[in-house]
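One structure below.
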Amino acid sequence: MADITESSTAASKSGPRKSSWRYIGPGIVVAATGVGAGDLVATLIAGSKFGYTLLWAAVIGCVVKISLAEAAGRWHLATGRTLFEGWRSLGQWTTVYFAVYVVIWGFVYGATAMSSSALPIVALFPDGPDLKTWAIIFGLLGLLFVWFNRYLVFEKFMTVVIGMKFLIVVYVAIRVAPDLGAAFAGLAPVLPDGSLLYTLGLIGGVGGTITMAAYGYWVNAKGWTNTNWMKVMRIDNRVAYITTGVFVVSMLIIGAELLHSSQIALTSGDRGLIDLGEILEDRFGTVTAKLFLIGFFATSFGALVGVWHGVSLMFADFVERFQRERKTGAAVGEGTVEEVASGARERSVPFRAYLLWLTFPPIGLLFLDQPFGLVVVYGVLGAFFMPFLALTLLWLLNSSRTPAEWRNGIVSNVMLAAGGLLFIILCVQQVRDLPW
């Protein structure tokens, strides 16, 4: 992997001699980051309530996310400009939105990611330190790892994480003996009574986070900086969401076979995975249960490290771009994909400042029993990000900002528009569900 990555970095000016799956890397990172513990619980609950009936929704979710991530990567490679520079060209409102979002989201997500990483370890070692202690330990480990390592090492680590997640979740899915006939039947689009919100959630939640916007930055950090890497990026992106699809389908199988038939309900939130670990232990023994908890930990800690790196990279670009604009007075600055590829962003003060923001202020939230107000704000802002991403990409990739040959075709436009509409519906529903 090191030789492949180094050669791809060295060849970033000319591109690869031949497009090959061997170059993949950013897709592995986004697959390891994009599906967190909360996504797994939501899929489990859908499987427990409706069996295999909503399997088709999970598949559509993967197709929508392939289109979104491909659009983000295509923007970076086709224009030589980062996504934030594209957003800024749409008006100053994007700067205001992103600044507010990234500060509040990072504050609350930091505590959520640390707690989620600690939960399975507390279950594995009940006589050890408490949840808060483990959460702080994992937050600090994520900080130190990203602080002292560049993209190459980060990608290798995430490859190990994705391997653990893939093998363990698929093993458990096979262990519960899926009904293949029912699974194939679940590919037919059917909406059982009361399933609409679960269906929309499955389509919208399959690896759908701010890390989708970070994908273009990881593409550049890999050393891919121009259109010669376009085919490789598309292969990489498909691998990412096919892998994500396997995770989600596996969790739906587990929910359908283990919970739906027995009418067992899970606790909402990440603790639902602890419930599942106990059910697995009763049904299949301690080894399977502990393996699942290890997979739960890999899922949560992988998402933590991925966000610590990817969103910090986006924040660094945001700050550098803003500072450049203030100095030059220009509405749009020069492209910065080469700076991302050089690793300069990962060594910058803004990158490390946001790392500290993700780690230390959220530790205070770990000591609050019910940080309700912040959770509400986080939920509202989070609901608004995915439609923002889908619709701004639709705008950017159909305008003169993108070279004509790399603008959206009919399929891309349909997928981005459908994704944007879906995310708006989910956003409205989440706002309506708030305890006004």
Side-chain angles (χ1 to χ4, degrees), residues 5-6 8-10 12 25-26 29-30 33 72-73 75-77 79-89 94-107 109-110 113 139-158 210-226 304-362:
T5 305
E6 288 163 4
S8 67
T9 301
S12 62
V29 173
V30 80
T33 305
W75 167 266
H76 279 245
L77 296 181
T79 66
R81 297 162 60 196
T82 63
L83 186 55
F84 181 76
E85 289 194 69
W87 285 337
R88 185 63 187 90
S89 73
T94 58
T95 301
V96 174
Y97 171 82
F98 186 79
V100 173
Y101 176 84
V102 80
V103 170
I104 297 177
W105 182 88
F107 180 43
Y109 179 83
L140 294 175
L141 284 175
L143 169 71
L144 293 173
F145 178 82
V146 175
W147 188 290
F148 291 107
N149 290 293
R150 302 281 77 81
Y151 177 81
L152 176 61
V153 177
F154 165 68
E155 184 188 289
K156 287 182 177 179
F157 172 79
M158 297 301 271
I210 192 173
T211 54
M212 294 197 65
Y215 178 66
Y217 289 86
W218 284 325
V219 163
N220 294 150
K222 178 77 169 176
W224 306 346
T225 58
N226 57 44
L304 182 153
V305 173
V307 166
W308 262 231
H309 185 276
V311 184
S312 296
L313 201 55
M314 291 182 66
F315 182 78
D317 184 56
F318 162 71
V319 173
E320 295 283 349
R321 174 67 183 75
F322 186 71
Q323 289 175 338
R324 179 181 299 148
E325 181 179 324
R326 293 189 65 182
K327 288 178 182 178
T328 64
V332 179
E334 297 296 326
T336 57
V337 296
E338 295 290 350
E339 293 173 329
V340 176
S342 72
R345 290 282 184 265
E346 296 169 275
R347 296 186 292 271
S348 68
V349 172
F351 180 89
R352 289 176 169 172
Y354 194 74
L355 271 178
L356 296 174
W357 174 253
L358 282 168
T359 307
F360 289 106

In the structure I gave you, are the side-chain heavy atoms of [X] and [Y] within less than 4.5 Å of one another anywhere?
{"X": "Tyr151", "Y": "Pro26", "value": "yes"}
{"X": "Met158", "Y": "Phe154", "value": "yes"}
{"X": "Leu355", "Y": "Val146", "value": "yes"}
{"X": "Met314", "Y": "Val102", "value": "no"}
{"X": "Trp224", "Y": "Val337", "value": "no"}
{"X": "Trp218", "Y": "Thr211", "value": "yes"}
{"X": "Tyr101", "Y": "Ile210", "value": "yes"}

Test of understanding: with side-chain contact (heavy atoms from CB on, under 4.5 Å), list the residues that count as partners of Val153, not counting sequence neighbours.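 Per chain and number, Val153 pairs via side-chain contact (heavy atoms from CB on, under 4.5 Å) with Phe145, Asn149.
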Just jot down the side-chain contact (heavy atoms from CB on, under 4.5 Å) partners of Ser342, sequence neighbours excluded, or say none. Ala344
What's the spacing between Arg321 CZ and Leu83 CG if we round to 0.5 Å? 12.5 Å
Please walk me through it: do Phe98 and Phe322 pass side-chain contact (heavy atoms from CB on, under 4.5 Å)? CA-CA 12 Å; Phe98 186 79; Phe322 186 71; over 6 Å; no
Locate the shortest heavy-atom distance separating [X] from [Y]; write the atom from each residue and the value.
{"X": "Tyr217", "Y": "Asp317", "value": "OH-OD2, 2.8 Å"}
{"X": "Ala316", "Y": "Ser348", "value": "CB-OG, 3.6 Å"}
{"X": "Leu356", "Y": "Leu143", "value": "CD2-CD1, 4.1 Å"}
{"X": "Pro362", "Y": "Gly110", "value": "CB-C, 3.8 Å"}
{"X": "Arg81", "Y": "Ser89", "value": "NH2-CB, 3.8 Å"}

side-chain contact (heavy atoms from CB on, under 4.5 Å) evaluation trace for Thr225 with Leu77: CA-CA 5 Å; Thr225 58; Leu77 296 181; 5.5 Å; no
Looking at residues at least two apart in the chain, or sitting in another chain, which of them share a side-chain hydrogen bond (donor to acceptor under 3.5 Å, both in side chains) with [X]?
{"X": "Glu346", "result": "His309"}
{"X": "Trp75", "result": "none"}
{"X": "Asn220", "result": "His76"}

Enumerate the side-chain hydrogen bond (donor to acceptor under 3.5 Å, both in side chains) contacts for residues 349-361, please, sequence neighbours excluded, ordered by first and then second residue. Trp308-Thr359
Phe315 ring center near Phe351 ring center (under 6.0 Å):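 Judged by ring-centre distance (under 6.0 Å), Phe315 and Phe351 do not meet the cut-off.
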